[in-house]
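Read the structure below first, then the notes.
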Amino acid sequence: MRQTILRRLTRPVTVLTGLVLAVLGILVAAPLVSLVSATIPADGDFAGSSWPDVVTSPMAVNLFWTPLQNSLLVALGTAVLSTVLGAFLAWVVVLSDAPGRKIIAVLATIPFALPSFAIALAWSSVFRNGRVGGSPGILAGMGVEVPDWLAWGALPVTLALVAHYFSLSFIIIAAALAGLGGDLLAAAELTGASKLRVAASIAIPAVSPALLSSFLLAFAEGVSNFASPALLGLPVRFQTLSTRLYGSISTGNVERGYVLAILLVIVAAAVLYVGNRVTAGRSFAVITGKATRPRTVRLGAAAWPVFTLASGLVAATTILPLAVLALTTFSRRSHRFDDGFTLHYWVGESDPGVSHGMAGVFRNDRLMDATGTTIAYGLAVAAGAVVLGMLAAYAVRRSGSTAVIGSISFLSYVPFLIPGIALGAAFIALFGSASSPLPNLYGTFWILVLAGIAASVPYAFQTSKSALGQVSGELEEAAVVVGAGTGRRITRILLPLSARGVTGGAMLVFVTTVRDLSLVVLLVTPATPLLAVETFRYAEEGFTQHANAITLIIAAVSVTATLLARRLQGADQPWNR
Amino acid sequence: MNTTLKLSCATLTLLALAACAGASEADADSESIDADQAHPEFDEMTHEQLVAAAEEDGEVVVYSFTSRIATVAEEFRAQYPGIDIVEHDVSSTELIERLRSEHQAGADTADVAYVSDAPVVWNELLQQEVLLRYIPERVEDLLDEQYKEPLLTNRLSTKVLMYNEEAHPDGAPVDYLWELTEPQWQSQVVMVDPTGRGDYLDLMTEIVLRADEMETTYQEYFGEPIELDEGVENAGYQFIADLYANDAILVSSTDDVNEAVGAVGQQDPPIGFATYSDRRDNEDEGWALQVANDVAPGPGIIFPAMLGITAEAQNPAAARLLIDFMMGDDSSDGGPAYAPFYVPGDYPTRSDLATPEEALPLEEFNAWLLAPEESAAVRGEVNDFILTVE
């Protein structure tokens, strides 16, 4: 009896499951627990803690309630507009016969690979107005009067986010539309229903789960994004929960920052949870069965206007901002093109007369250092997240216990509900405070990697699960019959067969990791410089050209990786079939 | 009150407080600890021996609150090619947070810190023994006592009201700080967000500490006594509230203020709080910055920029060498090493260095000398107050 228990406990799958649960516990559960416990006063007297400061004191309006409203406003705007634009592009690419669909499809996936601050920086280069005095943006420089509401605050913050996240909506909705049975629409049209009617009563309901999940994802990103409000909000004192959280922690009001982080997690998680409950009940039956290629909608005379609109949209969010950023890096003075052009900000030697003697980005040792650290960080997170995701997916696949499956699935899902900057704060609470039982990792490369892995687990787990799901269980059973052990089965059967999907997944983790700012902005120290944070610093310090140049470097790295990943994962994207 | 008098008053205050400190335990903590207590071997070294030891270290990491560190580093590299200097330019507020967190974590950290938030340095970095003091023997006798406490001060920097002299060739467009709360300056006063940047919080704090002067000048300017809003404690706080209510513009860096206020060719430029010495970049950057020195009751603050060695310095010899280097050589302007700091608008602390030309001599400069301890006591409250009026 004892031996049986021992044997069961030492079974590779049991050991593996235990390991996965332990790692997820440390990476996901522990940071949240320490975040919460750091805000609970030792004597249990909340009156003297940071909670009333943030929620009820005279400061609370500016510290929490107004930022909360702003965060929700930005998130709602981002979610609605991203979904509408994403759906429009998906319709153009998948269902219409508009010209140039292929190129639109490629361009529409690029904004997601760009750092979200790329658009914000480009926006500020174009629309910056006289409110902050000094040298105006490109438009104001041409004599166009740019009103404050267009230059700063809620609208530009939201639009900069939409320009980034509509791309995600496009990917989700296009996949759903492509799965839509063509015969379904054809049947409807045969009954004599108008195109509008077909769209309203068949196509839209059929893709509504995709619309909803695109809405939720964009909402979650909008509520937690840090870069956009940080770069475009301050001159009109537009603060969101993320910027307040960052401000509190970076000026030493750490506990207030933790309280804001908890509140931000609650807000984001509540919305996503409710949303997912709503989607969960829907039937996805339309995407099963033998779908035929959906019939193309003939646009006729509308083809060119639709093409113009769609291509204008993708150009305005990809080529245009990158071109603006590139152009500014060559201008001697920020946003002014009449003062001459220079390569100084790329390759110039240190010159005391320019940017306080800062050399061009390619001559700047620290930036070269940061480039190396960023790539190492991206690779380490991608590898770590995929390994953890694979092991977790395998444990779920092999474990018979619903409790185990439930816990692993839950812990792998939770980081999805936690905004990056709040997760960063939680990692500081766990790995950066003297009172924590775990080793102090603040200021090391490893705290970045661990946080990165934690943030990427939901995606890595889902990707691994679906990649493993494509490998039939019979293959593994056959291997068991011939006596192959767990390790051998994983390395000889599961890995080779799911390699393609997993590698593609890893590269997307790499991309989302290297271009992200909010997770690492609190964790980076001068000893561990990352490009995204360097950009933010330079932008804050007014070194526009340097900030924009580094953004272009990040964009180059992440767009290249995205395109590679897409080739690996989806030489056959659903909409190319 | 002229600056010399103010300096003496501040010194007296400090001395008085220091005297009290002997009796009270809380203040005893903010005594600085000399780095050479930890490493007595350096005490005896000649300069040549220090250079040899520093070359053995091979590297020195410095966190600096000013971007001028880039130029210092170039110069250091040229002079000591055997020592790899790694310089990081971070805001003083963030620098202090980093130092503190890294110290707590026992993580790798800088060897040298160049900081400006004197009140926080006083309050926290010294109490927690994050930073140690090092005074190179060579300059010890050239420095007033106040520039050796709590850390080595290598120059005085400023946050003062600056205007555009191209648009206002006849002098500052304001005579009183209170004018900034008037409709004609609505949305036209620029500064860095004080809740995010220590030096600006110090400026706001000083205005609160000068509440009496603010009250008097209110009466002078408006011709009637000040009426405080409900819950507002004094005229200093009232000024901050009124400034914010007048839509003061917050930006993220001093360079943004410089650009906003200083850029040439503006019809109606704003006014703003910035660094006096940035005026030196007028030509390079296309600015026309000038200090509003005569604004009443004062244009802003003048505060120490301090050098310290971290408690965990990995390269103790190179750290000492860099600090020594940053105090300048024996020439009358401090030589190339000190050149980035020897600029009009900054004030050298070494008594043998002449004040750089083209700026007001220290005696004529009306800025308030920051009193770190008094400031430290109320800056938290000021920060919270600003959060309520934003």
Side-chain angles (χ1 to χ4, degrees), chain A residues 53 57-63 66 130-135 148 230-231 234-237 239 246-254 333-334 336 339 350 352-359 364-366 369 428 431-434 440-444 447 525-527 529 537 539-543, chain B residues 61 63 66-68 70-71 74 86-91 93-94 96-98 100-102 104-110 120 124 187-188 190 193 195-198 201 231 249-256 258-263 266 269-270 272 281 284-286 340 383-384 387-390:
Chain A
D53 284 356
S57 78
M59 290 175 270
V61 173
N62 285 326
L63 201 51
T66 311
R131 180 165 176 87
V132 290
S135 76
D148 279 351
L231 294 170
L234 190 57
V236 289
R237 299 182 208 160
Q239 298 264 6
Y246 173 78
S248 299
I249 292 190
S250 66
T251 55
N253 285 313
V254 178
R333 298 247 167 86
S334 326
R336 276 198 229 169
D339 240 12
S350 170
V354 186
S355 301
H356 302 297
M358 275 199 327
N364 187 323
D365 289 345
R366 183 161 61 131
D369 196 20
I428 293 186
F431 290 105
S433 85
N440 211 321
L441 295 179
Y442 183 81
T444 67
I447 194 170
T525 73
R537 293 268 149 72
E540 263 203 319
E541 293 292 319
F543 297 120
Chain B
V61 183
Y63 291 176
T66 164
S67 49
R68 287 180 236 174
T71 319
E74 286 294 314
V86 184
E87 78 276 16
H88 297 288
D89 166 23
V90 274
S91 83
T93 311
E94 200 189 338
I96 286 163
E97 268 315 295
R98 299 266 180 235
R100 188 164 43 196
S101 312
E102 284 163 9
Q104 262 179 21
D108 279 352
T109 181
V120 187
E124 310 194 29
S187 314
Q188 286 282 80
V190 189
D193 181 4
T195 62
R197 276 280 296 270
L201 184 56
I249 311 242
L250 305 181
V251 292
S252 56
S253 75
T254 307
D255 262 358
D256 289 338
N258 292 336
E259 182 69 26
V261 173
Q266 299 188 79
D281 291 334
D284 281 336
E285 301 285 345
N383 181 68
D384 288 356
L387 283 176
T388 65
V389 297
E390 255 188 36

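Below, chain A is the first sequence line, B the second, and so on; all start at residue 1. The shown structure was predicted, so the numbers you read here are calculated from the model rather than taken from an experiment.
- Proximity to chain B is absent for every atom of A:L231, based on heavy atoms less than 4.5 angstrom apart.
- In this structure, B:E102 and A:T525 approach most closely via the heavy-atom pair OE2-CB, 3.2 Å.
- Only the side chain of A:L63 comes within contact range of chain B, with at least one heavy atom under 4.5 Å from a heavy atom of that chain.
- For the atom pair A:R237 CZ and B:L250 CG, the distance stands at 5.0 Å (nearest 0.5 Å).
- Of the atoms belonging to B:V120, not a single heavy atom falls under 4.5 Å from chain A.
- Smallest separation of non-hydrogen atoms from A:N62 and B:E390: ND2-O, 3.3 Å.
- We find the CZ-OG distance between A:F543 and B:S67 to be 4.5 Å, quoted to the nearest 0.5 Å.
- Taking all atoms of both residues into account, the shortest heavy-atom contact from A:R537 to B:V90 is NH1-CG1, 4.4 Å.
- Comparing B:V251, B:D384, B:V190 by how many heavy-atom pairs each has under 4.5 Å with chain A, the most go to B:D384.
- Within the 3.5 Å criterion, the main-chain N or O of A:M59 finds no donor-acceptor partner in the side chain of B:T388.
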How far apart are the C-alpha atoms of B:D193 and A:Q239, what are their side-chain angles, what is the distance that settles it, and do they pass the side chain to side chain contact (heavy atoms under 4.5 Å, CB included) test?
CA-CA 12 Å; B:D193 181 4; A:Q239 298 264 6; 4.2 Å; yes
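- Across A:N253 and B:N383, no two heavy atoms sit closer than the pair ND2-ND2, 3.6 Å.
- For B:Q188, no part lies near chain A; criterion is any non-hydrogen pair under 4.5 Å.
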